Amino acid sequence: MSWTDKYELWEKHTNLDDEMKQLLQAMSEDDKAKEEAFYKNLEFGTGGMRGEIGAGTNRMNVYTVRKASEGLAKYIASFGEEAKNRGVAIAYDCRHKSPEFAMEAAKTIASHGIQTYVFESLRPTPVLSFAVRYLNAFSGIVVTASHNPPEYNGYKVYGPDGSQLPPQEADEVIAKVDEVENELTIEVASKEELIEKGLIKMISEPVDSAYLQQLKTITLHPELAEEIGDKVKVVFTPLHGTANLPVRQGLEALGYKNVHVVKEQEVPDPNFSTVQSPNPEEHAAFELAIRDGKEIDADLLIATDPDADRLGIAVKNEHGEYVILTGNQTGALFLHYLLSERKQLGLLPNNGVMLKTIVTSEFGRAIADSFGVKTVDTLTGFKFIGEKIKQYEETGEYTFQFGYEESYGSLIADFARDKDAVQAAIMAVEICAFYKKKGLTIYEALMGLYEKYGYYLEGLRSLTLKGKDGAEQIANLLATFRAEPPTEFAGLTVNVTEDYNKQEKVNVQTGETSTIQLPTSNVLKYFLEDGSWVCMRPSGTEPKVKFYFGVQSNTLAESEQKLESIATDVMEKVNQLLK
């Protein structure tokens, strides 16, 4: 069916709600807008779906949410009555339409006789992950678009272990979603009827209290709060999102009370009105936190993204200026603290494992190696880390110690199975207290790790190419690099190439090939003669193609120069291909 046919089908549908009618009318004279809204179905991929809010099959709206939920309901029903009785836990963030989309999902699923649990108000993504496990639910949904712009929303699906669905299970759900021919004709019972029947249950306090109790268990040195907690000055911003209460409650429960919240960003706001992007990866998101930090001479600034699965931190450098650490740097600090203190306390197992993604720094591997801890790489996406946690839990081969990715996501304790910025915020404050007691700043601690392990630096560049044309450009770009692999970057010879789509690793110098033991993914990675690396992949959640770079040397200046040269050369090659 063409996009024009789909548009007409929606326009003529008699039961379309008034908002959709108005949106369709607004685009009636704009063929480009209609094509963008209807040229494809909003993709329900391995992590769920994400897109702009609006009318159309390629937009987030009541009807596309119902379609996704109808497919998920049929998937759950295929496992029988036990799965239906265990049901689905549903949470949502502060975005436009999030409460409405969450309830539409609940109504659609409950209309199939499947138990649903819906949080009474907004909650962080990691709390949903915990709730699935706490309630022994068969599945979970969180309505969020993470740190995307305000016009976006999304829908992520979780399995019984509280992790986002891994590829095989996700493919089965996708197949059920694709079987739904017309999202406009899905019938759902009313919220009131389903609540009366007990098929929709609203949840809050018991889950929140259980999660808070688990948060208390992640501390390695609970005595630090009593000894020095009042001297550790923290500025916290939830960036208008869901983390405000859980982070503050967690810190207070452990005894850290000298926490200043950025007033303008404390209250949930779907427009994220004080920032261009509600993403702690963006330095501009820290502007108000830095202002407040200077006022109170804070030791640590922490920022969480809207659904509270990513944490950014800023600390004072040797000049007394606040610098924002990368996700790789924060992960390295967390990892070293966890491993060194667990070893000191006799808590480090002899089969420990650290999990990271293929685009995350090798800094972590060097640290883990020094403690005899195994490093296992996964594809990008925290669901793959969650999948490994489950695997090792079942086999006993390894004991999970820490998991992280370069994009500011980490998991300290596995009572949640998705990245958890609430845990990370609490751990960041404890680490700050730990070093402050020793007379060190976090920045000085990081510099000490660089001196010990080498100066690992990483970079990220991205190109945003929106719409149908942009998607084609991204696909063509990767196809060209795959067909004509580069032999060098910035004068450094490519020694090894990894093509995750072909699951093939090639030693360019010897011609030797081997199989990559990871799921297929449209990712290319190049290892250079000096140990540097370049990786390119389309974003799974945004209309972007991302380019990652990693280098290591014995001095900071050398690493900075090398990183800039490689990144510049890669982007020049990319721009040439896009001309």
Side-chain angles (χ1 to χ4, degrees), residues 1 3 6-7 9-10 16-17 19-20 22-24 26-27 30 32-72 90 92-105 108 125 141-157 164-165 170 173-174 177-178 180 182-184 186 270-272 277-279 305-307 309 381 383 462-475 522 537-546:
M1 187 182 294
W3 64 264
K6 289 180 182 177
Y7 173 79
L9 183 69
W10 277 54
L16 208 66
D17 65 58
E19 183 183 21
M20 288 297 108
Q22 291 171 8
L23 291 170
L24 288 172
M27 69 173 77
D30 188 341
K32 185 65 176 176
K34 286 190 287 188
E35 182 181 10
E36 289 289 348
F38 287 95
Y39 84 91
K40 66 174 183 176
N41 294 331
L42 188 61
E43 292 177 7
F44 191 94
T46 56
M49 62 184 186
R50 194 177 296 187
E52 293 182 38
I53 301 167
T57 59
N58 189 34
R59 296 287 184 261
M60 282 290 296
N61 53 61
V62 165
Y63 304 101
T64 53
V65 166
R66 284 181 183 171
K67 179 177 179 176
S69 304
E70 181 79 0
L72 178 59
I90 302 175
Y92 57 90
D93 69 3
C94 59
R95 288 179 173 272
H96 293 292
K97 301 289 185 183
S98 282
E100 294 89 338
F101 290 163
M103 188 50 66
E104 284 302 326
T108 305
T125 287
I141 298 167
V142 62
V143 177
T144 178
S146 189
H147 56 273
N148 280 52
E151 63 268 22
Y152 281 79
N153 213 325
Y155 180 113
K156 293 197 291 188
V157 179
Q164 291 184 56
L165 289 181
V173 174
I174 291 166
V177 174
D178 290 343
V180 180
N182 188 349
E183 59 279 334
L184 301 177
I186 297 169
N271 292 316
F272 312 114
S277 171
N279 183 356
D305 70 341
D307 70 323
D309 62 357
K383 59 181 173 285
S462 61
L463 285 175
T464 299
L465 299 165
K466 288 189 174 183
K468 181 182 179 183
D469 293 342
E472 289 174 355
Q473 282 182 292
I474 291 171
N522 189 17
R537 59 175 283 270
S539 170
T541 57
E542 300 172 89
K544 289 182 178 181
V545 56
K546 294 185 174 183

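Just the heavy atoms: all of them, side chains too, but no hydrogens, waters or symmetry mates, feed the values below. Fair warning: this is a prediction, and the values are worked out from it, not measured in the lab. The first residue in the sequence is number 1, and the count goes up from there.
- A heavy-atom distance below 4.5 Å is found between the side chains of Ser146 and Asp307.
- Between atom OH of residue Tyr39 and atom NZ of residue Lys32 there is a gap of 9.0 Å, rounded to the nearest 0.5 Å.
- Lys34 has its side chain within reach of Trp3: a pair of non-hydrogen atoms, C-beta onward, lies under 4.5 Å apart.
- At a threshold of 4.5 Å between non-hydrogen side-chain atoms, the residues Val65 and Asn153 do not count as touching.
- Here Arg537 contributes atom CZ and Lys546 contributes atom NZ; the two are 6.0 Å apart, rounded to the nearest 0.5 Å.
- In this structure, Lys156 and Thr144 approach most closely via the heavy-atom pair CE-CG2, 3.9 Å.
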Under the salt bridge (charged side-chain N to carboxylate O under 4.0 Å, His left out) criterion, do Glu183 and Arg66 qualify, and how do the steps go? CA-CA 7 Å; Glu183 59 279 334; Arg66 284 181 183 171; over 6 Å; no
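- Residues Asn271 and His96 have side chains in contact (heavy-atom distance under 4.5 Å, counting atoms from C-beta outward).
- In this structure, the side chains of Lys67 and Asn41 come closer than 4.5 Å at one or more pairs of heavy atoms.
- Atom NZ of residue Lys40 and atom CD of residue Glu35 lie 12.0 Å apart, to the nearest 0.5 angstrom.
- The heavy-atom pair separating Pro149 from Arg95 by the smallest distance is O-NH1, 2.9 Å.
- In this structure, Thr57 and Thr64 approach most closely via the heavy-atom pair O-CG2, 3.8 Å.
- For the side-chain contact (heavy atoms from CB on, under 4.5 Å) test, residues two or more places apart in sequence or in another chain that qualify with Glu100 are Lys97.
- Contact record, Cys94 with Phe272: SG-CE2, 3.9 Å, taken as the closest heavy-atom pair.
- Between Ser98 and Asp93, the shortest heavy-atom distance links the atoms OG-OD1, 2.7 Å.
- The shortest side-chain heavy-atom distance between Ile90 and Tyr92 does not fall under the 4.5 Å cut-off.
- Stacking of Lys6 on the aromatic ring of Phe38 is not recorded, the 6.0 Å distance cut-off and the 45° axial limit not both being met.
- When all heavy atoms of Leu16 and Leu24 are compared, the pair lying nearest together is CD2-CD1, 3.3 Å.
- The distance from the CD atom of Glu52 to the CG atom of Asn148 is 9.5 Å, given to the nearest 0.5 Å.
- From Met60, atom CE reaches atom CD1 of Ile53 across 7.0 Å, with rounding to the nearest 0.5 Å.
- No more than 12 heavy atoms of other residues, nucleotides or ligands shown are found within 6.0 angstrom of CD on Glu43.
- Residues Tyr155 and Leu42 fail the side-chain proximity criterion, which asks for heavy atoms closer than 4.5 Å.
- Put simply, the side chain of Asn58 gets close to the backbone of Glu36: a donor and an acceptor are under 3.5 Å apart.
- How far CD1 of Ile141 is from OG of Ser69: 5.0 Å, rounded to the nearest 0.5 Å.
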